[in-house]
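Everything on this sheet refers to the single structure shown next.
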Amino acid sequence: MSTMTLDIEPFDLEQTLDGGQAFRWHLSGDGSYCGVLESCVARVASDGLQVIVSCDSGGELLSETRERAEDYLQAGTDVDVVRRVLGSEPGFGESVTESPLVRVMRQEPWECLAAFICSQNSNIPRIKQMVAAVARLGRRIGEDEWAYEFPEPGVIAEVGEAYLRSVGLGYRAKHLSLTAQVVAGWGGGALASLRTVSYSDAKDALMELQGVGPKVADCVLAYSLDKGEAFPIDVHVRRAAIRLYDLDEDVKDDMVGEWARDRFGKFAAWAQLYMFRDEINRRLTS
DNA sequence: TCTACGCCTTACCT
DNA sequence: AAGGTAAGGCGTA
């Protein structure tokens with residue numbers, strides 16, 4: 001077990017790790033979050049001054065483990081720029097400047113894609129359950145019941161739709177099964193290579209896949225493929241955008257996306273996270 | 001092409 | 001306890 005402090009500003013662990021961009025982090029009693037980083041069982045904690053990551057990576061070099069954690073948490077993001085760009089936005093600007101940041105992370109693309117295929121027409125508890133069931137197809141790397149490497153697409157393709165249905169994916173079983181087949185055929189690294197093409201081309205490529213529409217594609221682009229201009233639009237974000245910026249009630253989602261890219265540029269994904277969270281909180285408190 | 005609408009599963013809530 | 005809701009996408013008309 002290696003423990004390290006990251007040179008990264010303390011952030012909102014709950015909202016970032018467990019707020020709906022990733023689905024495999026578990027809150028433990030001391031306020032830290034446990035989960036899996038590739039083939040490493042990890043714990044992320046914060047004391048308000050620094051971020052502490054503990055990793056059980058089986059004798060791997062500390063420097064590599066650190067690099068992986070910093071990559072996942074996007075330690076290189078200049079959060080001062082985020083504050084400058086989004087800090088004065090109506091409605092959510094204050095939560096950008098006055099509370100711990102919710103960070104856009106950088107997940108492994110296949111796990112991210114599979115998770116968001118599961119996410120459609122569902123809610124976070126259910127998504128977590130589905131993703132956990134899929135994850136159990138991977139290699140076990142620890143004692144905890146969630147400690148599995150996320151399975152390669154070929155593994156998921158092999159178990160087939162019926163199995164995925166039997167563990168609760170419902171009609172999403174077909175989508176994940178077919179998409180796993182296609183992605184397995186692409187070969188390793190093909191998904192990640194979408195990081196090097198334009199937002200628009202990468203989105204088109206993703207939307208060829210079964211179960212991947214504009215929303216799911218944007219989630220994968222934003223949370224795993226470095227596309228800061230992705231702006232995943234669901235009912236909540238749509239409602240928030242219309243209310244905060246006085247957009248037309250029946251504006252098309254495509255238009256909202258273009259509007260967001262125009263206004264927020266490479267920080268659209270960050271803006272979406274804040275708008276989503278604030279809209280959820282607003283509904284809960286009213 | 002473009003839009004509208006019914007349908008698909010099920011955990012979790014009231 | 002029954003019924004509505006939930007971070008959508010697909011197929012058809």
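To find a chain, count down the sequence lines: A is the first, B the second, and so on, and within it residues start at 1.
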Could you work out, with salt bridge (charged side-chain N to carboxylate O under 4.0 Å, His left out) as the rule, every residue matching [X], not counting sequence neighbours?
X: A/E9; result: A/R83
X: A/R261; result: none
X: A/D250; result: none
X: A/D253; result: A/R238

Closer than 4.0 Å, any side-chain N/O of A/R172 to the OP1 or OP2 of C/dG9?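 Negative; the distance criterion is not met.
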
Classify the ring geometry of A/Y274 against A/F92: parallel below 30°, tilted from 30° to 60°, perpendicular beyond 60°. parallel

Taking the side chain of A/Q129 as its heavy atoms from C-beta onward, which of C/dG9, B/dA11, C/dA6 lies nearest to it?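 Nucleotide nearest to A/Q129's side chain: B/dA11.
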
Could you tell me how far apart [X] ([atom1]) and [N] ([atom2]) are, to the nearest whole angstrom?
X: A/D218; N: C/dG9; atom1: CG; atom2: C1'; answer: 14 Å
X: A/I124; N: C/dA6; atom1: CD1; atom2: P; answer: 13 Å
X: A/Y163; N: B/dT9; atom1: OH; atom2: P; answer: 18 Å
X: A/F23; N: B/dA11; atom1: CZ; atom2: P; answer: 17 Å
X: A/M207; N: C/dG8; atom1: CE; atom2: C1'; answer: 11 Å
X: A/L169; N: B/dC8; atom1: CG; atom2: C1'; answer: 13 Å
X: A/L176; N: C/dG9; atom1: CG; atom2: P; answer: 15 Å

Nearest nucleotide by nearest heavy atom, which residue falls closer to the 5' end of DNA chain B, A/Q120 or A/N123? A/Q120

Please tell me which of A/P125 and A/N121 maps to the more 5' nucleotide of DNA chain B, matching each residue to the nucleotide holding its nearest heavy atom.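 Result of the comparison: A/N121.
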
Applying salt bridge (charged side-chain N to carboxylate O under 4.0 Å, His left out) as the test, list every pair that has at least one member in residues 156-165 of chain A; sequence neighbours left out.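 Applying salt bridge (charged side-chain N to carboxylate O under 4.0 Å, His left out) to every pair that reaches into residues 156-165 of chain A, excluding sequence neighbours, yields A/E161-A/R165.
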
If you look only at pairs with a residue in residues 182-210 of chain A, which of them pass as a salt bridge (charged side-chain N to carboxylate O under 4.0 Å, His left out), with sequence neighbours excluded?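 Pairs touching residues 182-210 of chain A that pass the test: A/R195-A/D226, A/K203-A/D218.
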
In numerical order, the residues of residues 250-280 of chain A whose heavy atoms come under 4.0 Å of DNA chain C are A/F276, A/I280

Verify the distance criterion only: is there a donor paired with an acceptor across the side chains of A/S39 and A/R139 at less than 3.5 Å?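 Side chains of A/S39 and A/R139: no pair found under 3.5 Å.
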
Between B/dT9 and A/R126, counting only base atoms on the nucleotide and side-chain atoms on the residue, is there a donor-acceptor pair under 3.5 Å? yes

Can you list every side chain to side chain donor-acceptor pair (under 3.5 Å) pair that touches residues 13-23 of chain A, not counting sequence neighbours?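 Every side chain to side chain donor-acceptor pair (under 3.5 Å) pair that includes a residue of residues 13-23 of chain A, provided the two are not neighbours, is A/D18-A/K128.
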
The remaining residues in the hydrophobic cluster of A/Y171, counting side-chain heavy-atom contacts under 4.5 Å among Ile, Leu, Val, Met, Phe, Trp and Tyr, are none

For a stem of at least 3 consecutive Watson-Crick or G-U pairs with distances under 3.5 Å, i pairing with j, i+1 with j-1 and so on, which stems involve DNA chain C? B:3-8 with C:8-13, B:10-14 with C:2-6

Taking only residues two or more places apart in sequence, or in another chain, which ones meet A/Y72 in a ring pair (Phe, Tyr, Trp, His ring centres under 6.0 Å)?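 If we apply the ring pair (Phe, Tyr, Trp, His ring centres under 6.0 Å) test to A/Y72, skipping adjacent residues, the hits are A/W25.
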
Could you list, one pair per line, each protein nitrogen or oxygen that sits under 3.5 Å from a nitrogen or oxygen of nucleotides 11-13 of chain C, together with the distance?
none

Assign A/L178 to base, sugar-phosphate, or nothing according to its heavy-atom contacts below 4.0 angstrom with the strands shown.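 Answer is nothing: A/L178 stays at 4.0 Å or more from every strand.
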
With DNA chain C as reference, determine whether A/D234 or A/L209 sits nearer its 5' end, using the nearest nucleotide of each.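 Comparing both residues, the 5'-ward one is A/D234.
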
Among A/V216, A/T179, A/L191, which one satisfies side chain to side chain contact (heavy atoms under 4.5 Å, CB included) with A/L206? A/L191

